[in-house]
Each structure stands twice: as C-alpha cells, then as structure tokens.
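Notes follow once the structure below has been shown.
Since we're looking at a predicted model, the values are computed, not measured. Any value given below was found using the heavy atoms of this structure, including those in side chains, with hydrogens, waters and symmetry copies removed.
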Amino acid sequence: MNNYGQPPVVDENWEEVPQNPMVRGVYKGYTVKKGDILITNGTSSSGLLGHAAIANGNEYILDIPGKGETTRQWSTAKWMKEYDGNGWVKVYRLKDSSVANAAATWADKNYYSTKGTSKQDIFPKYGLTGSRYAKNPTYCSKIVLQAFYFGTGSKPVVQVFPSLVTVYDLPNYFSKDYKPQQVKYFK
C-alpha cells in the first residue's frame, strides 16, 4: 500500500490535480463551474463584436482570442483580469450541470487537448470562414455553441445553429429547456 517507501510509478498521461482546485477558480465572489459561458464586450474592437469563452473545467477558461491566434486555456483569474475592467463580463450557466459538463469536456478535447490534460495538442486557426460544423478555422462563439451542440449527445440543447454565431446572441440559440441563465455580471 505504501510502496515500501518508494515513490509510486506514475503513468506518463497522469496529471497531478491541485489539492484545492477551486481556489484559483474564484474571482470577486464568482466561482467558475465547468460549462459556464462567459461573454464580454471588453475586447480590442471597442466591444463591437464581443468575445465569448467556455469554462472547460472548474478553474480554467477556454477561448480563441482573435486573428492570428489559436485556442488557449487560461485560469479564471487571468481571463477575468484580461476582460474585467475593459468593459463588462456576463456569466451564464445551465441548470443541468451534466449537460454543461459534457459540453465543456467536448470543447476541451476538441479545441485544446485530445487527452483532456493541461498540455495543448490542438491548434486551430482563428477565422470566420468554413462550415458551422468544422473545427478549423474557428472563432470564440462558434466554439461555445459547437460544444453544446455536439458535446451533449441527442439532447435538444441547441435550438438554432446559424451559419455565423454572434457573441451577444449566444444565450438565445439554446432551446427553452436548456436556456442558460445569467448568474454573474461584472462591470
């Protein structure tokens, strides 16, 4: 049981989880939950287009910031520091946490790490061209909607999947039974 004083042999795909993973997932009283949708107008384009992201874990936010960039996974504190103060940030959450978890896992494994670890091995390009079903190129709000469309199985989560997914309309693309509710507003 104690390996006779020897350190355990660790699988190379094994990843150590922090003792208290929620500590860094808290920002100004908001505790991020896997599957949360974050929408902000605090972007470099003066809030005209906005920006969206999904919490792909109880600590991290996944997004693609813009032209010439690829996806990234930032801590909640880092992501919020980037966007809070430059405008507003709204956080939306689905009532069904199993649906939110499934969507977040799909986003993570399709846009960041095929193994679901902190080591990135997927690098899509930013772009507004391509099919709504394609993963490369992609853009921020498309990643979020795809996660809830593809990652939730046969559940009727997404009601409308337009060819161009606009940031500020994201909550309106969900069906009535799965419509995300705003749970936090930072200004």
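For the atom pair OG1 of Thr166 and CG of Leu145, the computed distance is 10.0 Å after rounding to the nearest 0.5 Å. Taking CE from Met80 and NZ from Lys78, the interatomic distance works out to 15.0 Å, rounded to the nearest 0.5 Å. Between atom CD1 of residue Ile37 and atom CD1 of residue Ile61 there is a gap of 11.5 Å, rounded to the nearest 0.5 Å. The distance from atom NZ of Lys142 to atom OH of Tyr126, rounded to the nearest 0.5 Å, is 11.0 Å. Rounded to the nearest 0.5 angstrom, Leu38 CG and Arg93 CZ are separated by 9.5 Å. Here the straight-line distance linking atom CD1 of Ile39 with atom CD1 of Ile54 works out to 11.0 Å at 0.5 Å rounding.
A 4.5 Å side-chain heavy-atom check between Tyr111 and Ile64 finds every atom pair outside the cut-off. At least one side-chain heavy atom of Asn172 sits less than 4.5 Å from a side-chain heavy atom of Lys179. Side-chain contact check for Pro124 versus Lys135: every heavy-atom pair is 4.5 Å or farther apart. Taking the side chain as every heavy atom from C-beta outward, Tyr60 and Trp79 never approach each other to under 4.5 Å.
Ring geometry for Phe161 against Tyr149 counts as perpendicular: the plane angle is over 60°, on a 0 to 90° scale with 30° as the lower cut.
Counting all heavy atoms, side chain and backbone alike, Ala52 lies closest to Val144 at CB-CG2, 4.3 Å. Minimum heavy-atom separation, Phe174 to Pro180: CG-CD, 3.4 Å. Contact detail for Tyr173 and Leu164: the closest heavy-atom pair is OH-O, 4.0 Å. Smallest separation of non-hydrogen atoms from Asp96 and Lys155: OD2-NZ, 4.3 Å. Shortest non-hydrogen contact noted between Ile122 and Ser113 is CD1-N, 3.9 Å. Here the closest non-hydrogen pair linking Asn136 and Lys125 is OD1-N, 2.8 Å.
Looking at Asp121, its side chain does come within 3.5 Å of a backbone N or O of Thr114 through a donor-acceptor pair. Without hydrogens or angle criteria, Gln146 side chain to Arg132 main chain gives a donor-acceptor distance under 3.5 Å. Within the 3.5 Å criterion, the main-chain N or O of Val32 finds no donor-acceptor partner in the side chain of Thr76.
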Would you sort out whether Trp74 and Asp63 count as a side-chain contact (heavy atoms from CB on, under 4.5 Å), showing the intermediate values? CA-CA 8 Å; Trp74 279 3; Asp63 70 356; 5.8 Å; no
If you apply the rule side-chain contact (heavy atoms from CB on, under 4.5 Å), what do you find for Gln120 with Thr70, and how did you get there? CA-CA 11 Å; Gln120 185 171 10; Thr70 190; 4.2 Å; yes
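The closest side-chain donor-acceptor pair between Ser97 and Lys34, if any, does not fall under 3.5 angstrom. For the residue pair Tyr30 / Asp36, a side-chain donor-acceptor distance below 3.5 Å is found, with atom types taken as modelled. Under 3.5 Å, the side chains of Tyr27 and Ser75 contain no donor-acceptor pair of N or O atoms. Using modelled atom types, one finds no donor on one side chain facing an acceptor on the other under 3.5 Å when comparing Gln73 with Ser118.
By the criterion of side-chain heavy atoms lying less than 4.5 angstrom apart, applied directly or through intervening Ile, Leu, Val, Met, Phe, Trp or Tyr residues, Leu128 is grouped together with Ile143 in one hydrophobic cluster.
Tested against Thr152, the residues Val157, Asn101, Leu94, Val158 include a single side-chain contact (heavy atoms from CB on, under 4.5 Å) partner, Val157.
With respect to Lys28 and Asp84, a salt bridge is recorded, a charged nitrogen being found less than 4.0 Å from a carboxylate O.
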